Amino acid sequence: MTAFSAIHEEHESDKEDFTPGVEPQPTWCPGCGDFAVLKALKGAMPELGRSPEEVMLVTGIGCSGKLSSYFESYGYHSIHGRALPIARASKLANPGLEVVAAGGDGDGYGIGANHFMHTARENHDMTYIVFNNEIFGLTKGQTSPTSPKGHKSKTQPSGSAKDPVRPLTLSLASGASYIARTAATNPRQAQQIIAEAIEHDGFAHIDFLTQCPTWNKDAKEYVPYTDVQEEYDFDKTDRREAADMMYEAETKLYEGEVLTGRFFREENRPSYGQEKRSTGEMPEDPLAERYYDDDDGFERVADHLIERHK
Amino acid sequence: MTAFSAIHEEHESDKEDFTPGVEPQPTWCPGCGDFAVLKALKGAMPELGRSPEEVMLVTGIGCSGKLSSYFESYGYHSIHGRALPIARASKLANPGLEVVAAGGDGDGYGIGANHFMHTARENHDMTYIVFNNEIFGLTKGQTSPTSPKGHKSKTQPSGSAKDPVRPLTLSLASGASYIARTAATNPRQAQQIIAEAIEHDGFAHIDFLTQCPTWNKDAKEYVPYTDVQEEYDFDKTDRREAADMMYEAETKLYEGEVLTGRFFREENRPSYGQEKRSTGEMPEDPLAERYYDDDDGFERVADHLIERHK
Amino acid sequence: MTGSELKWRIAGGSGDGIDSTSQNFAKALMRAGLDVFTHRHYPSRIRGGHTYVEVRAQPDDVRSRGDGFDFLLSLGDSFARNPDDEAYYGEEELKPLYEHFDDLNEGGVIVYDSGLIDDEAVEEINLYERAEENNWHVYPVDLRGLAREHGREVMRNTAGVGVSAALLGVDTSYFEELMQEVMGGDIAEANIETLNAAYEQAAEFDHTHDLEVPKGDHDSEQALVTGSDGIAYAALDSGCRFISGYPMTPWTDVFTIMSQNLPHFGGIAEQVEDEIAAASLAIGASHTGVKAMSGSSGGGFALMSEPLGLAEMTETPVVLIEAMRAGPSTGMPTKPEQADLEHVLYTSQGDSCRVVFAPGNPQEAYEQTRKAFEYAYDYHIPAIVLYDQKLGGEMRSVPAEFFDREPDSDPGAVLTEDELSEAAHDAAGKFKRYSHDGEDGVVPRSVPGQEGGRFLATGNESQEVGHISEDPDNRKHQMDRRMEKLTSIREDLNAGDDSNQAFHGPADADYGILVWGSQQDTVFEAVDRLNARGSSVKALGVSDMMPYPESEVTAFLESVEECLVVEMNATAQFRGLTQKELGRFGPKMTSLLKYDGEPFEPSEIVEGFEATVEETDLPGGNMELRPAAGD
Amino acid sequence: MTGSELKWRIAGGSGDGIDSTSQNFAKALMRAGLDVFTHRHYPSRIRGGHTYVEVRAQPDDVRSRGDGFDFLLSLGDSFARNPDDEAYYGEEELKPLYEHFDDLNEGGVIVYDSGLIDDEAVEEINLYERAEENNWHVYPVDLRGLAREHGREVMRNTAGVGVSAALLGVDTSYFEELMQEVMGGDIAEANIETLNAAYEQAAEFDHTHDLEVPKGDHDSEQALVTGSDGIAYAALDSGCRFISGYPMTPWTDVFTIMSQNLPHFGGIAEQVEDEIAAASLAIGASHTGVKAMSGSSGGGFALMSEPLGLAEMTETPVVLIEAMRAGPSTGMPTKPEQADLEHVLYTSQGDSCRVVFAPGNPQEAYEQTRKAFEYAYDYHIPAIVLYDQKLGGEMRSVPAEFFDREPDSDPGAVLTEDELSEAAHDAAGKFKRYSHDGEDGVVPRSVPGQEGGRFLATGNESQEVGHISEDPDNRKHQMDRRMEKLTSIREDLNAGDDSNQAFHGPADADYGILVWGSQQDTVFEAVDRLNARGSSVKALGVSDMMPYPESEVTAFLESVEECLVVEMNATAQFRGLTQKELGRFGPKMTSLLKYDGEPFEPSEIVEGFEATVEETDLPGGNMELRPAAGD
Ligand SMILES: Cc1ncc(C[n+]2csc(CCOP(=O)(O)OP(=O)(O)O)c2C)c(N)n1
Ligand SMILES: Cc1ncc(C[n+]2csc(CCOP(=O)(O)OP(=O)(O)O)c2C)c(N)n1
Ligand code: SF4
Ligand code: SF4
Ligand SMILES: [Mg+2]
Ligand SMILES: [Mg+2]
């Protein structure tokens, strides 16, 4: 018998199981793209047979960070930019959990980008959703790392002098093994991509375009979207072709053309957990279970280490 | 008359001008690759007609960080990972200075990688030299972000489970406009590349392979080196070809083949200062000079801002 | 209810224009000759969610929001109902009405938008029952209808102002003027039409209340400013021409004011990737000769901990701003608290060597920020201005001439190239920027690009030209020299005739109240009331947190029998600091604490004083009395 | 010079094998029946640079490095001459000889490697002149030659040990045994040969000194451990199976011990990108049910400030280690200091709610780290173990049976799934993990993956199931509940019969010394000397920094006329904490401070005591007396 019976059971769940009761209701603004992420995630989980209590959803701070308040599961609403290191450790501590991290473009590509880079490099088996609204939503509309060059805001009254980051390219350069972009305006694709990302055994990064009608963009600015799988001929398992496709998608976004879809997938790369187990630096069984399994005797320093000090 | 007469003068300087007196002598270990960076930098500066007092050298913490102790100029030996934001501000404050930042692979690609990414993206006009010895030198030999997978150290006794970062690829993805790799074993190329990087108007990144005989690699592991300009046919001004070349160089390094040279150069991209001046958010004249110019009357809040509060 | 003051409150959803409307309302009353004060309450949320602003107006010297309020203009929350099917906000729409019942004074007035809030809803919350109990006067007005008819739906707030003006006897010309200034064109026209239509409609009402706006007259022109304005304007007048930052509530206000104005003042503002970078850039710019600042709140300032220590060690001048909000961690981001004091005093490894001022109102914010720049640049030390969401956001009328100041372009203790050529250098020609014999601990510095000034700045301990040194004697010298700055700054502060500490009340009073930061003026108001009722109390508002004003506080504490220490946190941090610094007086001090996100009202201070000195019970609420130490 | 103790010092360049040699020397003396203690001195540099280790040995109870030393084995610095033409280190090669002249006691012995240091050099530094003045006995030995002949050049250190053994009368069999255990094979053979050759050569010398190793006998087998061992082993025995970290001196020692052993103990060690991540991972792992730790030094711990506050607010148990070194900023990375106390107590915005222990020796390090885990996991609170470079690195002999302990696999206040099914949930089935009515402030938690346990952890203020709340009453409840933990922990600590505070000296002494952390045992040694000379002194070594041991310290201070407070920092942080916590006793306390990177020697404490109580002058050195507060 396991101490964590929510894990690895077969579950019959539905969207409603992932919806909290009457409170709290999402406080996002009318028309906010964040609703679409919530919906897609709620849709993907039952599709994959997951139950709320085997999901660990870690979010950062921002409008996006409130996702964990409105999604019913174990949730961790952390601090700005630090969702990934917390999520990563949860996966190491109990690999049976379905770990999802989420946050904004400021959270993930700005203050938290170093963790993004290193988590991707290590290929932790988890899903990372970045709500990319090209703006700091919660702090009232300042330029974000994905804001277009020339974007005017309260803190850049004459327009941003910075080229925006290229999140897909960066993700590929860092080592993510699944990379996709979807948009709030494309709910079907969004749900499919989230499901795929969760199923992927490695670090799956989704750049999710979420309009912010209050400070930045309307939903209509993310339509029409083009599905790169349909309109372009490229092999998403080929790193080079993927890189070209990403570069184009990133450039076109600021020209008003919205390219979404799967950009990269590397199947055979072992996840960090696999790598670490193969070096012998991670136990085969979930570490968390040891504490709740009465039979597990813990090693004693006196038995193993004192001898060498004598 | 300027308050900063070391700047923009024609200078006749030589290597010795960039060498401190008897003290302090470099405390690097015998055979350390760091000596080569010092030598190359000392060689490049007089070649470019720079004098010690117009150079602002900002370093991080590590064996590498001690560069500013042994190079005679205005120096700032900052904290681990933060050389770039300090250097960036110096350039904004006084664009007449020749700003060089330097640090280790841990400093720049580990703890400080977020600043690396954003400084590259913004294309600040400065040179950034990363002493890449694939190890944490100063703290006594722990795995660094560029240590090969499987690398054993005191903190990864069974070998690192992590794929190393790809510093050139990352630099390109982030937006650096000059990217090169050189090696301590190749002093002529090193000096030329440093000179070029300094001359480049934008963010120039040099990944400098510096063996650490004490904890990691011997000089002989960085020979023979191949100059990619000589042995490969690629256009370093073409982003795609550059990307392929970088990928190959990064991969080969861990297979024992050392590819060095110029990997990427984008000439026409305006530097951050130019961009920022063009939006009107940066003064035309060096900001620092205002404080030392008696004629410069400073604006009064009473004259410009109080009216709107009445 | 007298004509001596008015406390008007406008409530609605975030996004309903509460801020701008209240600002205009306050300005209009200010122009009409009154002293005004505003209090803002808002949730950490962008649209919807209950928010309100209160405007208090008196003929003179308004020091706090006061207790309760008299007039509610409730717009309801027009964003409460989210069209997206994933969200539905129960009765949130009514919050801007019923959430105010507890604070509305007897005899108060309620105006609500009956275009948004229907009769059924009103019944649900027992509005009329409550009104009868409390002798409130309720005026439902279809503000939405009025706005739609005369302007646009969003002008509901303007319609509300028109109704308020009519019911309170305020001349609408002030509002018209303001609308023309602020909006201009068609929008101003439409607003003015809506304003007047609403005024006229309300003028027809049967006025059952006896509330009206007081009359006042100013000696000189007033300006309506916040604490954030005070800080930012002082920075600009101090010659600060570089700011680097990252947004965070409530620090964002200062950052925004600076970012918007610096380009016109010939300076540079940088929004960067995080707060570590923000502090580091400010240090880099300052090192390079520019007067620079950065700042943040909560977790953002926590990230500055390491660079702050670097500035201390390299003796790089820098001014940092810390805007407190309720913690720990993300806490309650839009609520005030005074719980970052110890964090700001001590964060970063090693012995602290920094200046920390905590101003008590917008004028002090200006004065002390100017001093922060002076000390930072004269002494090569980080200087921090510590304030909170309350002081940062509340607006006050201040004589406009207060800001008639000279700017300060002096970069502080810097040598010219001529002076450098005379200065001490080592054998290799390196400048002894960290010479052992500084005056008052200070060695005037050089700036990169100057001939003859090169040196090494390092976060390591260093010898005179900056080379790393672990020699014990050098270490002792350098530590002592750096720490000496604090002693010298304390002497300077004591020598000046404009102490940062504010004293209030009769000098020979028996009892004392110690207070700091944003709660100061509320305490002063309470002191007046207490003395008026026969108590013998005085107060000292302390702003110098480091170096601590030992002699002033000692004299104050020695002169009283017992002392209440008022602050907004749970662990009595300022009382602790006082005990730490003075090593005694613990048995004389009792703390009155509040940490529920709401600042003290003057009446709460009065109650706290009674509970302590007169040993009555604390009458409920969320206050906490922490007894004297050593008892 | 008596046979009651030996203070042997080996000096050379970094890289000359000083560490391993001294460790073997200490172990050999320990096995020979002596209590041993080592003191390490090293520069922040990898190769070359003067470094030394001192070994003090006594028949029993060695508490500190003592004053000065008796026997110098100087290897010279073989890395001093760098072959690269860019570097040449003047006379650095001689530092391991002449830098020790000041500390070598009268009648002491010097052995130096005449293979490396020639006669000319010896003349330059006036060795023989100094020797005559101080009655030193100098033995030049060609250690290099010996090593070359009998082993390899790097075995110079072994040759030095052989000479030391001969001159001090130590049986070489202990060394041989150790070499076989540690090195094995050919290397051991070559070393043993070198050892014996050197021994024999020195045995022939004309012994002019009267120094010899004391004799001792242990009741039980001893283990030679550092403070870092104490901390790491306690973590392992506490069931900690997860560490995340980033290297930083001196914290690296604990991190390394854990990283090397965790895989064998079935756990996980992660070296990550920075300290923000390090702390965050530990929090994530702990939240997920594992006992986890992280830690750092100086700037690395500063970067943990924000995650630390997150742990306080989300009530995630976590143990953090802070290893102090001389600050501010990078400071002197390899030197001890006690100047991070306030930083560790208060960093991170909002009121602090954490446990902080500062152990005084390796045994206390073990005990208190175990308590840190207990309190962290029972109370859902971050617990910090604060120590310094001195305690972390110095080795001491401890009875091996001290470590005969049971491991603790208990994850603390966690509910099982069965218990969860009975626990309080909200209407939607969310577990009230932050229920208002916790016992002693604690609500037992659930762990992700458990059926029936889902909740939201958030850095915002939250209501019972974790949803964000800004309601003032909820806020007050939650703050009070969280802060209550500290009160309860204090009660638990007081109730236990193994106080973390250590008392030393006669209970009825007239004078007191307060001390904390690594200086404790040095003070205890000084107390013995003072009482032996007729003074009436006792000492209290305080370890509980938060929650503060108010009653114990109050009782101590009340019982003495005057009290010296000894600490290694410039601002008297612990004295300040005591004044803050107690609100009085300032006039009784005088600080004795040192912050030059060198720990106190017992004689310095004696001098400081005399200067304070007997009002003599402080005899030079780098100590500072800070007078009583309120004087
Ligand atoms: C360390 C820190 N710095 C700053 C903030 C303030 N802050 C909260 S959210 C946010 C940015 C929000 O932008 P983004 O991450 O894109 O999320 P969005 O609101 O757009 O979803 C900022 C700067 C913070 N909470 N913590
Ligand atoms: C915030 C912080 N964390 C850790 C350290 C300790 N530290 C100093 S240098 C260093 C890494 C050195 O590696 P690298 O940057 O590659 O430089 P190298 O010594 O190899 O040149 C570390 C971890 C520090 N000084 N500051
Ligand atoms: S501010 Fe923008 S991102 Fe935030 S909730 Fe509103 S629409 Fe969404
Ligand atoms: S440790 Fe390595 S990097 Fe550092 S000085 Fe020695 S050889 Fe160079
Ligand atoms: Mg965003
Ligand atoms: Mg390195």
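Just so we're on the same page: letters track the sequence lines, and every chain starts at 1. Because the structure is predicted, anything quoted here is derived from the model rather than measured.
With a 4.5 angstrom heavy-atom cutoff, B/Tyr292 touches chain C only via side-chain atoms. For a residue to count as touching a neighbouring chain, one of its non-hydrogen atoms must lie under 4.5 Å from one of that chain's; by this rule B/Glu289 does not touch chain C. The part of B/Tyr272 that comes within reach of chain C is its side chain, from C-beta onward, which places non-hydrogen atoms under 4.5 angstrom from that chain. Both the backbone and the side chain of B/Ile7 come within contact range of chain C, with heavy atoms under 4.5 Å apart. Only the side chain of B/Arg290 comes within contact range of chain C, judged by heavy atoms closer than 4.5 Å. Proximity to chain C is limited to the side chain of B/Lys66, based on heavy atoms less than 4.5 angstrom apart. Of the atoms belonging to B/Leu57, not a single heavy atom falls under 4.5 Å from chain C. At a 4.5 Å heavy-atom cutoff, the contact between B/Ser78 and chain C is made by backbone and side-chain atoms alike.
A 4.5 Å side-chain heavy-atom check between B/Phe4 and C/Glu451 finds every atom pair outside the cut-off. When side chains are defined from C-beta on, B/Leu305 counts as touching C/Leu236, because their heavy atoms get closer than 4.5 Å. No side-chain heavy atom of C/Val272 sits under 4.5 Å from any side-chain heavy atom of B/Pro85. A 4.5 Å side-chain heavy-atom check between B/Glu281 and C/Ile268 finds every atom pair outside the cut-off. Annotation: side chain of B/Arg82 is in contact with side chain of C/Ile276 (closest heavy-atom distance under 4.5 Å). Between B/His77 and C/Ile468 the shortest side-chain heavy-atom distance falls below 4.5 Å. Residues C/Asp404 and B/Ile306 form no side-chain contact, since every pair of their non-hydrogen atoms from C-beta on lies 4.5 Å or further apart. Put simply, the side chain of B/His309 does not reach to within 4.5 Å of the side chain of C/Phe403, judged on heavy atoms.
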Item to check | Check against salt bridge (charged side-chain N to carboxylate O under 4.0 Å, His left out), C/Glu273 and B/Arg121 | outcome: CA-CA 11 Å; C/Glu273 59 271 28; B/Arg121 165 165 94 91; over 6 Å; no
Item to check | Check against side chain to side chain contact (heavy atoms under 4.5 Å, CB included), C/Lys430 and B/Glu72 | outcome: CA-CA 8 Å; C/Lys430 223 161 186 154; B/Glu72 193 63 31; 3.4 Å; yes
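Just one residue in the list B/Val58, B/Leu84, B/Ile86 forms a side chain to side chain contact (heavy atoms under 4.5 Å, CB included) with C/Ser280, and that residue is B/Ile86.
A salt bridge links B/Lys276 with C/Glu270: at least one charged nitrogen is closer than 4.0 Å to a carboxylate oxygen.
Taking the six-membered ring where the residue is Trp, the centroids of B/His304 and C/Tyr233 are separated by 6.0 Å or more.
A donor-acceptor pair under 3.5 Å is absent between the side-chain atoms of B/Arg300 and the main chain of C/Asp237, judged by distance alone.
The most heavy-atom pairs under 4.5 Å with chain B, out of C/Thr416, C/Asn460, C/Leu262, come from C/Asn460. Most heavy-atom pairs under 4.5 Å with chain B: of the set C/Gly449, C/Gly284, C/Gly309, this distinction falls to C/Gly449. The candidate with the highest count of non-hydrogen atom pairs below 4.5 Å against chain C, out of B/Ser69, B/Gly280, B/Gly297, B/Ala89, is B/Ala89. Per-residue heavy-atom pair counts under 4.5 Å with chain B were compared for C/Gly459, C/Ala277, C/Pro263, and the maximum is reached by C/Ala277. For the set C/Leu178, C/Asp274, C/Thr288, the count of heavy-atom pairs under 4.5 angstrom toward chain B peaks at C/Thr288. Of the residues considered (B/Glu54, B/Arg88, B/Met56), B/Arg88 shows the highest number of contacts with chain C, using heavy-atom pairs under 4.5 Å.
No side-chain donor from either of C/Gln450 and B/Ser5 sits under 3.5 Å from a side-chain acceptor of the other. B/Tyr76 and C/Thr316 are linked by a side-chain donor-acceptor pair at a separation below 3.5 angstrom, with hydrogens and angles left out of the test.
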